[in-house]
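Input: a single structure, listed below in structure tokens.
All values reported here derive from a predicted model rather than from experimental measurement. When reading the values below, keep in mind they use all heavy atoms of this one structure, side chains included, and skip hydrogens, waters and symmetry mates.
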Amino acid sequence: MNAVEQAAMARARELGERVLGTTSPNPPVGAVVLDADGAVAGEGATSPVGGPHAEVHALAQAGERARGGTAVVTLEPCAHTGRTGPCADALLAAGIARVVVAVPEPTALAVGGAARLRAAGVDVELGAEQQAAEDGALAGWLTGVREHRPQVVWKVATTLDGRVAAADTTSRWITGPAARAEVHRLRATCDAVLVGSGTVLADDPQLTVRDADGRNADRQPLRVVLDRRGRVPATARVHDDAAATVVSRAADPAALLAELFDRGVRRLLLEGGPTLAAAFLAAGLVDEVVLHQAPLLLGDGAPMVGGLGIATITGALHLTITDVTRLGGDVQIRLRPTRHTGGPTTGGGS
């Protein structure tokens, strides 16, 4: 890629991030169309299910300027007809001369777009900055393709000494307004939010996405409560009409993820307490950790994660820090667990 195409690919990834949480089970793709002179002529991102794909939006905005130009896309244009027509055909009809793709199509259903374009004489570049795209908005969808389960993002707020609640069980508010606002932005990027029955009984959360004024957003993720013993009362706020709620009695995290995958969930936010977090971590089913840490010390109280059965430092679960951000007086740390932890290998990916 040249510098102009690199900038367009960065923009395409950003466009995909903007629609994260609104497209499942379809992938959140971003696309930028450059005219023959290399100027941005159009851009777009995947619509909710049934609407146009990213390429179609970008081509519509570009109009005749697309002819002889370049399309820069985070995922290979599809070659099949589903709810919408093949994006490869739309690019050909618009007269696109070159297509730059980050992630090759991984599914048997939609593969073939690059081959169709090349057969028609279009110059196609596959795998351009692929890892950055796979780690971005497409991560949840790709987890679904490869592992047939949703991507799991574990969000937790702790004190400096790793406590999520005081000894008297109080936990509001560990972090400040900026961190709490970030939680709502994070929820908005997910298809579902999960807690256990213990969290519902202790905190009675509503689990909705709210704006700065406390108003519920128009689009809400699915609320999921794992309640094997039927402890959550009908009066709990998760049962109000602000969003849809599923109560599951799944036997383990893998079974729960299978249920949610069948419902079209591709990105799940885990907001449960220490016990539920430990179950997902022990099963190797946490893909990303978003840790909000407040400059507080408690010295006692509930830990951020329950027992993992790790008895020695060599068996510790290793994580890689991918980003550190100040949120007012708090700190947000994003991490990814590594597959090899130094202990026994766990199934399910991490």
[X] bridged to [Y] by N-O distance under 4.0 Å:
X	Y	answer
Asp240	Arg223	yes
Arg65	Asp35	yes
Glu134	Arg146	yes
Asp203	Arg237	no
Asp89	Arg116	yes
Glu14	Arg18	yes

How long is the straight-line distance from [atom2] of [Y] back to [atom1] of [X], given to the nearest 0.5 Å?
X	Y	atom1	atom2	result
Arg267	Asp191	CZ	CG	8.5 Å
Leu194	Lys155	CG	NZ	13.0 Å
Leu268	Gln151	CG	CD	9.5 Å
Leu317	Thr338	CG	OG1	6.5 Å
Gln6	Met1	CD	CE	5.0 Å
Asn26	Arg266	CG	CZ	9.0 Å

Okay, side chain of [X], backbone of [Y]: is any donor-acceptor separation there less than 3.5 Å?
X	Y	value
Thr208	Asn216	no
Glu288	Val153	no
Asp227	Val232	yes
Glu271	Val193	no
Gln61	Glu43	yes
Arg118	Val124	yes
Asp37	Ala39	no
Thr159	Arg163	yes
Arg229	Ser197	no
Thr22	Pro48	no

Who pairs with [X] by side chain to side chain donor-acceptor pair (under 3.5 Å), at least two apart in sequence or on another chain?
X	value
Arg215	Asp211, Asp213
Thr143	none
Thr107	Glu105

Does one hydrophobic cluster hold both [X] and [Y], with members joined at side-chain heavy-atom distances below 4.5 Å?
X	Y	answer
Leu276	Leu308	yes
Trp154	Ile333	yes
Met304	Phe280	yes
Leu270	Val289	yes
Leu256	Leu281	yes

What heavy-atom pair brings Ala128 and Val100 nearest, and what distance separates the two atoms? CB-CG1, 3.7 Å
Nearest heavy-atom approach of Ala114 to Leu126 is CB-CD1, 4.1 Å
How far apart are the C-alpha atoms of His57 and Leu59, what are their side-chain angles, what is the distance that settles it, and do they pass the side chain to side chain contact (heavy atoms under 4.5 Å, CB included) test? CA-CA 6 Å; His57 281 300; Leu59 290 171; over 6 Å; no
For the residue pair Ser248 / Glu259, report whether a side-chain donor-acceptor contact shorter than 3.5 Å exists.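 Indeed, the side chains of Glu259 and Ser248 share at least one donor-acceptor pair under 3.5 Å.
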Tell me, yes or no, whether the heavy-atom count around Arg180 atom CZ, taken from other residues, nucleotides or ligands under 6.0 Å, exceeds 12.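 Yes.
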Show, in sequence, the C-alpha distance, side-chain angles and deciding distance for Arg334 and Thr322, and conclude whether the side chain to side chain donor-acceptor pair (under 3.5 Å) test is met. CA-CA 6 Å; Arg334 286 181 175 268; Thr322 59; over 6 Å; no
Given Trp141, which partner from the list Thr46, Thr23, Leu75 fulfils the side chain to side chain contact (heavy atoms under 4.5 Å, CB included) test? Leu75
Heavy-atom distance under 4.5 Å between the side chains of Val331 and Thr325, does that happen here? no
Is the shortest heavy-atom distance from the side chain of Thr74 to the side chain of Leu138 under 4.5 Å? yes
